[in-house]
Number of protein chains: 2
Amino acid sequence: MSSGQVTIKDIARQLNISVATVSRALRDFPDINENTKKAVTTLAAELDYRPNQIAQSLVKRRTNTIGVVIPTFVIPFYASAISGIQEEAAKANYNVMVCQSNESYTTEVSNIYTLASSRVDGLLVSVSKETTNFDHLQCLQQKGIEIVFFNRVYEGMPVAKVVVDDYDGAVAATEHLISIGRKRIAHFCGPQNLSISQERRRGYVDALKTHNLPVREELMLSCDFNIASGMDAARQLLQVRPLPDAIFAVSDSVAFGAMKVLKEQGIRIPEDIAIAGYTDEPTASLVDPGLTTVAQPTFEIGQTAARLLFAQINRPSKESVCPKTVLKTRLIIRGSTVKNAV
Amino acid sequence: MSSGQVTIKDIARQLNISVATVSRALRDFPDINENTKKAVTTLAAELDYRPNQIAQSLVKRRTNTIGVVIPTFVIPFYASAISGIQEEAAKANYNVMVCQSNESYTTEVSNIYTLASSRVDGLLVSVSKETTNFDHLQCLQQKGIEIVFFNRVYEGMPVAKVVVDDYDGAVAATEHLISIGRKRIAHFCGPQNLSISQERRRGYVDALKTHNLPVREELMLSCDFNIASGMDAARQLLQVRPLPDAIFAVSDSVAFGAMKVLKEQGIRIPEDIAIAGYTDEPTASLVDPGLTTVAQPTFEIGQTAARLLFAQINRPSKESVCPKTVLKTRLIIRGSTVKNAV
DNA sequence: CTGTTAGCGCCTTCAA
DNA sequence: TTGAAGGCGCTAACAG
């Protein structure tokens, strides 16, 4: 009991039995004398003994800890997804180590190796906007660390993935804008090496084509996933003539930024320009007018990803199953596109 | 190399030297032959050797991991604070395990014990709204696990604490409302066993007294830290006659909820009722009108708490230093109290 | 039912 | 400059 922490040795010594017996008693083995078992458990409780997970991990060669790598905590999508992950982890008796890449490829690589050193049993990954090389992940996979992608996935790896139907949501949003009579619909695209950005853009383009609307390059502006970026894009868009009559933004934050600029310029939403976003962050129902957006099941995405990871970790055969789980989105119509909506 | 992970044993075998030498070479010991050192490091790189932190932790009796317990990820305050914590941790070469209590005392206790089992070197804690018993934390402290409280602290323990001057911020907000001529100022209080709630309420009460305004019980309503709770309180408040002319909410979310209800009721903000919040979440500048609020340095709170924890962990003498760091707030005036503000 | 032995991967004496 | 031995706290055969 050197370090202030009680060990099975302490219990064994005080009870004059071997550590093996203590270990078994504590783990409730069948062939253990009821009396010794009781003696051990009571003393353990008395001493407030807590098994040293570190030692257990070393023996068992598994830590019951998973790593999570996300771009940033401050995107509400991730805050919610992590909640879902945590909930599943607690149920399955796993610990969670979360790292944020801050959208930097270098940081992401470093995160991954840190987590690998900690010998996490598996990894839940949503890649940074910069990531185009996936060696760091492939390398870990080869070492037997299970990986599941969520939201920002890399199709090139044979692992499970959890996404929403980004294409479908984008089509729905764009068609909604078309259905309210908009003809010059702009799109604020996300970073183009991310599949979510590509898919949302593809949905936008296809919806326009389906309805025989021209696809104009000057109405497609590049953005990051934040408010400032949405403001920049909006300012840029307002230089274009004729003005667009709608914007479909790759994310709610981008849409919020756009709304801010439009309001400053005295442009009416939705009369002059209608706006739609993506995700349905809590803020979407608070801004004025409320933001029409494609709702994502953020919490459920986290839960699902975690569940798949645990299943994969505990799969007896090492042949990996790599389903792509595609969750549904739901278009929520608010005042930013329809005057009298909620 | 059974588990797919390279160990120093593998390196030793291939180089025909002892593991001790490998271990020393890898750690760049002074009295090691240059050639063996080079041989070891190159082979290690070739094999992509990663030291097993678990094994190291067991020997060193420290994990270089800290635990963080927060009420919930989805309060933007915590998302930002965790970012600050992460940043400091990365710098100091620490890992972070985050758990959320979901505002439940039972879950918090369970989180704490899980983290203790993982042998974290220290703990950053923001208690749940239900927590009134602190045995679980005192117990860990006695076992030599360092603790630092942030935001929601417990004054009764001799450990470092990081807070903002909640009282001061509340006074500033309330006096601002008074300065714009409001006389019937309501307060939506937070859970009263949290010091932040108490302090903000105390600031509100004292400001009223200082300005010879009556303190009316019927204008002080209890809330949790979320939108729904703010909506409930607002509905309740609207039953009171005469109506109040201002609301000081314990948090931005509560204020957002209140704004929503007031707008639905056709009550003008700020003309009929002015509103102020606390924290300055990103959403505060997006709602319409913008929310006047007491800005907190959320990221810095996380950073500071982490820094203090690392200092405490690495302090040679075991006598613990327990300063209370009080960071400054800043009143940000927006349209919810002053018509022509930004 | 229980004790002994060995080992997880690494570090740290103590000798050589 | 290097190796051998022991141990961190725990689990897992193998005996008895």
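Quick caveat: nothing in here was measured; it's all calculated off a predicted structure. Note: hydrogens, waters and symmetry copies are ignored here, and every other heavy atom, side chains too, is used. Just so it is clear: chains get the letters A, B, ... in the order the sequence lines come, proteins before strands, and each one is counted from 1.
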Problem set entry | Side-chain N or O of S18(A) closer than 4.0 Å to phosphate OP1/OP2 of dT4(C) | no
Exercise. Do the side-chain N and O atoms of S80(B) and S83(B) include a donor-acceptor pair separated by under 3.5 angstrom?
Worked result: no
Exercise. Which part of the nucleic acid does I17(B) contact within heavy-atom distance under 4.0 Å: base, sugar-phosphate only, or nothing?
Worked result: sugar-phosphate
Problem set entry | Interatomic distance, N16(A) CG vs dC1(C) P [rounded to whole Å] | 20 Å
For this session: Flag the pair D48(A) and K143(B) as a salt bridge only when some basic side-chain nitrogen lies within less than 4.0 angstrom of an acidic carboxylate oxygen.
Result: yes
Problem set entry | N111(A) CG to H136(A) NE2 distance, which is reported to the nearest 0.5 Å | 9.0 Å
For this session: Just say parallel, tilted or perpendicular for the rings of F134(B) and F149(B), cut-offs at 30° and 60°.
Result: perpendicular
For this session: To the nearest Å, give me how far apart CZ (R62(B)) and P (dG9(D)) are.
Result: 16 Å
Problem set entry | Rounded interatomic separation in angstrom, taking CG from L15(B) and C1' from dG3(D) | 15 Å
Exercise. Taking the side chain as C-beta and beyond, is there a heavy-atom pair between E146(B) and L123(B) under 4.5 Å?
Worked result: no
For this session: Would you please confirm or rule out a distance under 4.0 Å between OP1 or OP2 of dT2(C) and any side-chain N or O of T36(A)?
Result: yes
Seminar exercise, completed: Rounded to whole Å, the NZ-P distance (K9(A) to dC10(D)) equals 10 Å
For this session: Grab the CG-C1' distance between N35(B) and dT1(D) for me, whole Å please.
Result: 12 Å
Exercise. Counting any heavy atom closer than 4.0 Å, what does S57(A) reach on the DNA or RNA strands: base, sugar-phosphate only, or nothing?
Worked result: nothing
Problem set entry | B/S/- contact track for nucleotides 11-16 of chain D, protein heavy atom under 4.0 Å | BBB---
For this session: Please report, rounded to the nearest Å, how far the C1' atom of dC11(C) is from the CG atom of N64(B).
Result: 15 Å
Problem set entry | Donor-acceptor pair between Y78(B) and N151(B) side chains, under 3.5 angstrom | yes
Exercise. Which is true for D31(B) with a 4.0 Å heavy-atom rule: it touches a base, it touches only sugar-phosphate, or it touches nothing?
Worked result: base
Problem set entry | Distance, rounded to the nearest Å, where R61(B) contributes CZ and dT12(C) contributes P | 12 Å
Problem set entry | Interatomic distance where CD1 belongs to I54(A) and P belongs to dG9(C) [whole Å] | 15 Å
For this session: Measure from the ring center of F310(B) to the ring center of Y94(B) and say whether it is less than 6.0 Å.
Result: yes
